[in-house]
Q: 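Here it is, the structure in full.
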Amino acid sequence: MTATTSSPSQPLPSGRCIIVTGGASGIGLAVTRLLLSEGAAVAVLDRDAAALTHLRQGADGAKVLAQEVSVADPPAVDRAVDRATKELGPPWGVVTCAGIVRDKTLLKLTDDDWRSVLDVNLSGTFYAMRAAALRMKEPKGLGGRMVAIASIVGLRGGFGQANYAASKAGVVALVQTAAKELGRFGITVNAIAPGFVRTPMTAQYGETLEEACKAESPMGTVCEPEDIARSVRYLLSPEAGHITGVVLRVDGGQAIGA
Ligand SMILES: NC(=O)c1ccc[n+]([C@@H]2O[C@H](COP(=O)([O-])OP(=O)(O)OC[C@H]3O[C@@H](n4cnc5c(N)ncnc54)[C@H](O)[C@@H]3O)[C@@H](O)[C@H]2O)c1
C-alpha cells in the first residue's frame, strides 16, 4: 500500500529556498507570488531594478531576497545564489524564467541579436542551474528540483524567432542532460513549454498574435502567468520526485493545433 494522496501539493521542505530567475515580471513574478503566498523563502534574480524594488515593497514580511543580477553574468549568478544560500538556506528549487526576445527573420538577424538571446535564455539557464546544483548536492546530497521555462517555439520553431527558438530548444536538451546527470543526487530537472502567455513580453506583439494563438488552441484560449506558475509549483513539490527529464507543454493545446 502506498500512502494516501493529499491535496493540494505537499509543502515545500522547510529551511530551503527557491531561486527564481526573471522573478520580477510575468511568469516569474507569478511563480514568486505563489511561492511567497505559502510561506516559502524565495530568492529572485532579475536585472530590472525598478521591478525588484516594487517586489520588495509588496513583500509585506514575506521571505523574499530580491537581487539585481543578469543571468548572463556567471560570477554574479554564483554570488547571488551563494548569498541566497547563506540568508535563506540551501536551494530546494531553481526556476529559470529570465528570458528575452529579439525577433527578426533569419536574413535580418544580427550577430548581436543572436548572441544576446542565447546568452540570456540558454547560457543564463545553465549558469543558474549549475550554481544551484552545486549547493543542492552538498554537503550530503540534499536533493532538489529544477524547472526551466522553455517554449513550444523550441519544439516546433517560430517565424522570425531563429535565435529564440534555438535558445529554447537548447534549454530542452540542457534539461534532459541535467536530468540524467543529477538524478543520482536526488535532483529532478524538468522543462515547461508554454504557448502564448499574457505577460509584458507578449504585450509588445499586440492583439493580432494573441487572437492567432487562441485560434490554434483546441481550448480557444491563451494562458495567464498563474497557469504556468501552478505547473511549476507541482514540479517543485516533493511528490513530483519521480518526474524528471520531462518537457511539459502548458499551452491549452496550442502546439497540437485546433
Ligand atoms: N509570455 C509567453 O508567451 C512565453 C511563452 C513561452 C515561454 N516564455 C518564457 O517564459 C519566460 C518568462 O517570460 P515572460 O513572458 O514572463 O516575460 P517578462 O518579460 O514578463 O519577464 C521576463 C523577466 O526576465 C528578466 N530578465 C530578462 N533578461 C534578464 C537577465 N539578463 N538577467 C536577469 N533577468 C532578466 C526581465 O527583467 C523580466 O523580469 C521567458 O523565458 C520566456 O521566454 C514566455
Side-chain angles (χ1 to χ4, degrees), residues 19-34 43-55 66-81 94-103 115-129 131 147-158 161 163-172 174-175 191-207 209-214 216-217 221-229 231-232 247-252 254-255:
I19 292 160
V20 184
T21 75
S25 173
I27 293 169
L29 181 60
V31 171
T32 300
R33 285 189 173 138
L34 180 63
V44 171
L45 278 53
D46 202 294
R47 66 171 182 189
D48 185 338
L52 288 167
T53 302
H54 193 248
L55 180 65
Q67 302 183 78
E68 186 183 342
V69 179
S70 171
V71 293
D73 177 351
V77 171
D78 273 338
R79 282 194 300 276
V81 172
V94 60
V95 186
T96 57
C97 306
I100 58 170
V101 284
R102 277 217 202 170
D103 294 355
R115 271 194 223 105
S116 55
V117 170
L118 269 289
D119 282 353
V120 175
N121 297 9
L122 179 55
S123 302
T125 300
F126 164 64
Y127 300 140
M129 282 175 41
V147 185
I149 304 300
S151 168
I152 60 169
V153 169
L155 307 175
R156 66 177 197 178
Q161 293 194 304
N163 50 357
Y164 184 79
S167 75
K168 295 301 187 179
V171 167
V172 168
L174 172 63
V175 159
I192 289 181
F196 185 101
V197 186
R198 276 203 205 101
T199 68
M201 179 185 275
T202 47
Q204 63 183 289
Y205 294 111
E207 274 181 29
L209 179 65
E210 183 173 329
E211 291 310 314
C213 292
K214 276 185 190 162
E216 276 190 307
S217 156
T221 58
V222 293
C223 288
E224 300 296 335
E226 291 73 20
D227 297 314
I228 311 301
S231 301
V232 169
V247 183
L248 177 64
R249 283 192 294 103
V250 183
D251 65 346
Q254 192 187 331

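Atoms within each ligand, like the ligands themselves, are counted from 1 in listed order. As a basis for the values below, the full set of heavy atoms in this structure was taken, side chains included, without hydrogen atoms, waters or symmetry mates.
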Q: At less than 4.0 angstrom from any non-hydrogen atom of Phe196, what atoms of ligand 1 do you find?
A: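 It comes down to these atoms of ligand 1: 3 (O).
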Q: What is the distance from atom OG1 of Thr199 to atom CD of Glu224, rounded to the nearest 0.5 Å?
A: 10.0 Å
Q: Please identify which atoms of ligand 1 are closer than 4.0 Å to at least one heavy atom of Ser151.
A: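 With Ser151 as reference, the close atoms of ligand 1 come out as 6 (C), 7 (C).
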Q: Output the list of atoms in ligand 1 that are nearer than 4.0 Å to some heavy atom of Gly26, sorted by atom number.
A: 16 (O), 20 (O)
Q: Side chain of Ser217, backbone of Cys213: donor and acceptor closer than 3.5 Å?
A: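 It does not hold such a pair.
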Q: With respect to Ile100, determine whether any N or O atom, backbone or side chain, lies less than 3.5 Å from an N or O atom of ligand 1.
A: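 No; every N/O pair is 3.5 Å or more apart.
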Q: If you apply the rule side-chain contact (heavy atoms from CB on, under 4.5 Å), what do you find for Val197 with Asp227, and how did you get there?
A: CA-CA 9 Å; Val197 186; Asp227 297 314; over 6 Å; no
Q: Would Glu210 and Thr202 count as a side-chain contact (heavy atoms from CB on, under 4.5 Å) if you check the C-alpha gap in whole Å, the side-chain angles of each, and the deciding distance to 0.1 Å?
A: CA-CA 8 Å; Glu210 183 173 329; Thr202 47; over 6 Å; no
Q: Is there a donor-acceptor pair under 3.5 Å between the side chain of Gln254 and the backbone N or O of Phe196?
A: yes
Q: So does Arg102 get a backbone contact from the side chain of Asn163, meaning a donor-acceptor N/O pair under 3.5 Å?
A: yes
Q: For atom 19 (O) of ligand 1, what is the nearest protein heavy atom, given as residue, atom name and distance?
A: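 The closest one turns out to be Met201 CB, 3.6 Å.
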Q: Considering only protein heavy atoms, which is closest to atom 3 (O) of ligand 1, and at what distance to one decimal place?
A: Val197 N, 2.7 Å
Q: Please state which protein non-hydrogen atom is closest to atom 34 (N) of ligand 1 and give its distance, to 0.1 Å?
A: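 Answer for atom 34 (N) of ligand 1: Arg47 N, 3.3 Å.
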Q: Could you tell me which atoms of ligand 1, counted from 1 in the order shown, lie closer than 4.0 angstrom to a heavy atom of Ile27?
A: 10 (O), 16 (O), 44 (C)
Q: Is Ser25 close to ligand 1, meaning an N/O of one under 3.5 Å from an N/O of the other?
A: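 In this structure, Ser25 places an N or O atom under 3.5 Å from an N or O of ligand 1.
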Q: Please report which non-hydrogen protein atom sits nearest to atom 33 (C) of ligand 1, along with the residue it belongs to and the distance in Å to one decimal place.
A: Val69 O, 3.3 Å
Q: Could you check whether any side-chain N or O of Asn121 sits under 3.5 Å from a backbone N or O of Ile100, counting only pairs where one atom can act as donor and the other as acceptor?
A: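 Indeed, once roles are kept as given, a pair shorter than 3.5 Å links the two residues.
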Q: Give a yes or no on this: more than 12 heavy atoms of other residues, nucleotides or ligands lie within 6.0 Å of atom CD of Gln204.
A: yes
Q: Identify, by atom number and element, the atoms of ligand 1 in contact range of Asp48, meaning under 4.0 Å from any of its heavy atoms.
A: 37 (O)
Q: So, regarding Ala24 and ligand 1 (criterion: nitrogen or oxygen to nitrogen or oxygen, under 3.5 Å), is there a contact or not?
A: no
Q: If you have a sec, work out which protein heavy atom is nearest atom 10 (O) of ligand 1 and how many Å separate them, to one decimal?
A: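 Checked against all protein heavy atoms, atom 10 (O) of ligand 1 sits closest to Ile149 CG2, 3.2 Å.
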Q: Under the side-chain contact (heavy atoms from CB on, under 4.5 Å) criterion, do Val175 and Val247 qualify, and how do the steps go?
A: CA-CA 9 Å; Val175 159; Val247 183; 5.7 Å; no
Q: So, does Lys168 use its side chain to make a donor-acceptor pair with the main chain of Gly157 at under 3.5 Å?
A: no
Q: May I ask you to check whether Val71 has an N/O atom sitting below 3.5 Å from an N/O atom of ligand 1?
A: yes
Q: I need the nearest protein heavy-atom contact for atom 36 (C) of ligand 1: residue, atom name and distance, please.
A: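 That would be Asp46 OD1, 3.5 Å.
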Q: Considering only non-hydrogen protein atoms, determine which one is nearest to atom 14 (P) of ligand 1 and report residue, atom name and distance to 0.1 Å.
A: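 Atom 14 (P) of ligand 1 sits closest to the protein heavy atom Thr199 OG1, 3.6 Å.
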Q: Below 4.0 Å from ligand 1: does a non-hydrogen atom of Ala150 turn up there or not?
A: yes
Q: So, is Lys168 polar-close to ligand 1, with some N/O to N/O distance under 3.5 Å?
A: yes
Q: Look at ligand 1 and say whether Thr202 reaches it with a heavy atom at a distance under 4.0 Å.
A: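 Judged by the 4.0 Å heavy-atom criterion, Thr202 does count as contacting ligand 1.
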Q: Less than 3.5 Å between some nitrogen or oxygen of Pro194 and one of ligand 1, yes or no?
A: no
Q: Hey, does Gly195 sit under 4.0 Å from ligand 1 if you only count heavy atoms?
A: yes
Q: Measure from the side-chain N and O atoms of Ser151 to the backbone N and O of Ala193, and report whether any donor-acceptor pair falls under 3.5 Å.
A: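 Pair absent, no side-chain N/O of Ser151 close to backbone of Ala193.
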Q: If the cut-off is 4.0 Å to any non-hydrogen atom of Pro200, which atoms of ligand 1 fall inside it?
A: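 Going through ligand 1 atom by atom, the ones under 4.0 Å from Pro200 are 20 (O).
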Q: Applying side-chain contact (heavy atoms from CB on, under 4.5 Å), run through Glu226 and Leu34 and close with a yes or a no.
A: CA-CA 8 Å; Glu226 291 73 20; Leu34 180 63; over 6 Å; no
Q: Is the backbone of Thr96 close enough, under 3.5 Å, to the side chain of Thr125 for a donor and an acceptor to pair up by distance?
A: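 Pair absent, no side-chain N/O of Thr125 close to backbone of Thr96.
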Q: Does Thr32 reach the main-chain N or O of Gly23 with its side chain, forming a donor-acceptor pair under 3.5 Å?
A: yes
Q: Below 3.5 Å, N or O to N or O, backbone or side chain included: is there any such pair between Asn121 and ligand 1?
A: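 No, there is no polar N/O contact under 3.5 Å.
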Q: Can you report which non-hydrogen protein atom sits closest to atom 12 (C) of ligand 1, along with the distance?
A: Cys97 O, 3.1 Å
